[in-house]
**Student:** 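If you scroll down you'll find the structure; I have some questions about it.
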Amino acid sequence: MKKKTVRDVDPKGKRVFVRVDFNVPLQDGKIVDDSRIKAALPTLNDLLDRGASLIIASHLGRPKGKVKPELSLAPVARRLEELIGRSVKMLSDCIGPDVEKAAGGLKPGDVVMLENVRFHAEEEKGDEALAKQLAGLADLYVNDAFGAAHRAHASTAVIAQFLPSAAGLLVEKEVQVLTQLLEDPERPFAAALGGVKAKIGVLENLMAQVDTLIIGGGQAYTFLKAKGLEIGQSVFDEGSFELAKGILSKTEGGRPQLLLPVDVVVTTPEGVEFEPTVKRVEGAPIEVAASDAIPADMMGVDIGPETRKLFAEAIGNARCVVWNGPMGIAEIPEFTEGTRAVARAVADSDAYSVIGGGDVVAAVEQLGFAEKFSHVCTGGGASLEFLEGKELPGIAALPDR
Ligand code: ADP
Ligand code: 3PG
Ligand code: MG
């Protein structure tokens, strides 16, 4: 990476402001998955080992500029304490006299954690005054928040104008892995995309580099419709429709190879509740339909058995795989088989494999396949934007080496 990293700085005796992405999933105040905390440990330990004191900052959820006690980072500080094996003092805000006092008294090896930076509306606005106040707490800024690097917020980007700055080891690793995929992947290189968020930008950017494009999950229906097929009540992204048609025509000659579902699992639109949590409605029908025979009153919720074989075989033939987005509504056990089949294909292969995306990573972790991947991205939106070829503001803000 051409950016300065913690390797290029001497943190001895310095108070280091470390922006991490500890936006972890919580349920009833408990941390459901602490992998984002674990992923920051190499940077935190490295700085502490070299004689720094740490002021750790993160956001949690989307409190929209209000203090929301349920989005306090206090449980995260306690978990970090266990993982890092030293005391982590939780502060009640991220700025103000009390915080300044705590930061001023730091000695090498001390660790404090600021309260959720998004309790201040200025954070998401990228406000310079807030960035300056945060910078005033420290001697050095380290950004290790890869998951939030696509946000141009006060603590993720703007603060770098006011302090000597460097990237953390997690940011360095993520950038290195994703750059390698975009610039020099081992071949054959397969990309699998699922989920519902529009990923057409990633597809367009990867087109020139991949050998095989696998499209499943909610992404697939826009393509099936672009082929002129009936998709019934399945999810459809109007905004991607024309670009999907373009990708269909560009791949007609078989370079890259485009794989779409040949069969899908369908249910009725009333068969799935999406709010407040994704749930199957007991008794709703579950059927398999060929992709050219989706009933008009049904919706596709997973890839079918033939498609699972087709996708697994394509992954088996690849030397490098990147995967983003689940192959079906993986929150529902009945509609998890497509995601499981693709995860198993990756597990069975010795290809270099990268998985990114909050939902697909959660699904693959639950299925027990996460350790089988060469790299699990800690950023959903951030990894997508990187794969779209966009510059991430949190990284762009850092000085070159
Ligand atoms: P990721 O977080 O992995 O990048 P997305 O956020 O794009 O993935 O999409 C994840 C969501 O996509 C999940 O909530 C899942 O239920 C949903 N999904 C997957 N397949 C379908 C489908 N066929 N119809 C509706 N929703 C789907
Ligand atoms: C994430 O979970 O993707 C990051 O922490 C960014 O969160 P945000 O989408 O609320 O900015
Ligand atoms: Mg998601």
Side-chain angles (χ1 to χ4, degrees), residues 19-26 33 35-36 39-40 58-64 71 76 116-118 123-124 126 145-153 155-157 192-202 215-224 231-237 240 261 264-267 269 271-275 277-280 291 294 298-304 307 322-339 342-343 355-365 376-387 392-394:
R19 177 55 158 100
V20 291
D21 184 351
F22 285 173
N23 183 26
V24 294
L26 290 172
D33 174 17
S35 27
R36 277 184 168 173
S58 179
H59 72 282
L60 179 61
R62 293 178 174 171
K64 304 215 160 85
L71 293 177
V76 175
N116 195 338
V117 283
R118 288 194 188 169
E123 162 67 3
E124 291 188 70
F146 179 74
H150 58 316
R151 308 289 182 214
H153 296 171
S155 72
T156 61
L193 293 183
V196 281
K197 258 190 255 162
K199 286 168 189 157
I200 203 86
V202 179
I215 301 180
Q219 306 292 321
Y221 302 95
T222 304
F223 281 83
L224 295 179
I231 60 165
Q233 307 301 308
S234 312
V235 286
F236 167 66
D237 180 28
S240 303
V264 294
V265 176
V266 295
T267 188
V272 178
E273 271 174 24
F274 288 95
E275 295 293 333
T277 49
V278 184
K279 232 174 54 198
R280 188 173 109 80
S291 300
I294 297 175
M298 306 279 266
M299 68 170 179
V301 289
D302 195 5
I303 54 173
T307 307
V322 59
W323 178 16
N324 185 293
M327 290 292 138
I329 305 183
E331 295 91 336
I332 296 174
E334 288 87 343
F335 309 142
T336 309
E337 291 313 310
T339 302
V342 169
I355 186 168
D359 293 287
V360 74
V361 169
V364 164
E365 251 158 23
V376 179
C377 285
T378 52
S383 65
L384 276 181
E385 290 198 17
F386 200 104
L387 291 174
L392 306 185

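Atoms within each ligand, like the ligands themselves, are counted from 1 in listed order. All values reported here derive from a predicted model rather than from experimental measurement.
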**Student:** Check ligand 1 against Pro326 and write out every atom of the ligand that is under 4.0 Å from a heavy-atom position of the residue.
**Tutor:**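 Contacts of ligand 1 toward Pro326, numbered from 1: 3 (O), 8 (O), 10 (C).
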**Student:** Identify the protein heavy atom lying closest to atom 7 (O) of ligand 1, giving its residue, its atom name and the separation to 0.1 Å.
**Tutor:**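 Here the closest protein heavy atom is Lys199 NZ, 2.7 Å.
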**Student:** Can you tell whether the side chains of Glu123 and Arg118 come within less than 4.0 Å, N to carboxylate O?
**Tutor:**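 Salt bridge absent between Glu123 and Arg118.
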**Student:** For Arg36, give me all partners under salt bridge (Lys or Arg N to Asp or Glu O under 4.0 Å), at least two apart in sequence or on another chain.
**Tutor:**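 Per chain and number, Arg36 pairs via salt bridge (Lys or Arg N to Asp or Glu O under 4.0 Å) with Asp21.
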**Student:** Can you list the atoms of ligand 1 that are under 4.0 Å from a heavy atom of Val301?
**Tutor:**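 Here the atoms of ligand 1 in question are 23 (N).
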**Student:** Where does Asp359 meet ligand 1, judged by heavy-atom distances below 4.0 Å: at the side chain, the backbone, both, or neither?
**Tutor:**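 Both backbone and side chain.
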**Student:** With atom 23 (N) of ligand 1 as the reference point, say which of Gly300, Gly216, Ala220 has the nearest heavy atom.
**Tutor:**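 Ranked by closest heavy atom to atom 23 (N) of ligand 1, first place is Gly300.
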**Student:** Using a 4.0 Å heavy-atom threshold (strictly under), name the region of Met299 that reaches ligand 1: side chain, backbone, both or neither.
**Tutor:**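 It is neither part, as no heavy atom is under 4.0 Å.
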**Student:** Please write down residue, atom name and distance for the protein heavy atom closest to atom 11 (C) of ligand 1.
**Tutor:**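 Result: Val196 CG2, 3.7 Å.
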**Student:** Under 2.8 Å from the Mg ion (ligand 3), which protein atoms of type N, O or S occur, listed by chain and number?
**Tutor:**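 Only Asp359 OD2 fall inside 2.8 Å of the Mg ion (ligand 3).
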**Student:** At a 4.0 angstrom heavy-atom cut-off, what protein residues surround ligand 2?
**Tutor:**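 The answer is Asp21, Asn23, Arg36, His59, Arg62, Arg118, Gly147, Arg151, counting any residue whose heavy atom sits under 4.0 Å from ligand 2.
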**Student:** I need the atoms of ligand 1 closer than 4.0 Å to a non-hydrogen atom of Tyr221, numbered in the order shown.
**Tutor:**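 Those atoms are 23 (N).
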**Student:** As a test of understanding, state which of Met299, Glu334, Met298 forms a side chain to side chain contact (heavy atoms under 4.5 Å, CB included) with Thr267.
**Tutor:**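 Only match with Thr267 under side chain to side chain contact (heavy atoms under 4.5 Å, CB included): Met299.
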**Student:** With a cut-off of 4.0 Å, which atoms of ligand 1 are near a heavy atom of Val360?
**Tutor:**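 Those of ligand 1 that fall under 4.0 Å from Val360 are 3 (O).
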**Student:** Please identify each residue that fulfils side chain to side chain contact (heavy atoms under 4.5 Å, CB included) with Val278, with sequence neighbours left out.
**Tutor:**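 Residues passing side chain to side chain contact (heavy atoms under 4.5 Å, CB included) with Val278: Val272, Phe274, Ile329, Glu331, Ile332.
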**Student:** So if I count the atoms of ligand 1 from 1 in the order they appear, which ones are less than 4.0 Å from some heavy atom of Gly328?
**Tutor:**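 Once the distances to Gly328 are compared, the set is 15 (C), 18 (N), 19 (C), 20 (N).
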**Student:** Specify the protein heavy atom at minimum distance from atom 4 (O) of ligand 1: its residue, its atom name, and the distance to 0.1 Å.
**Tutor:**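 Residue, atom and distance for the closest contact: Asn324 OD1, 3.1 Å.
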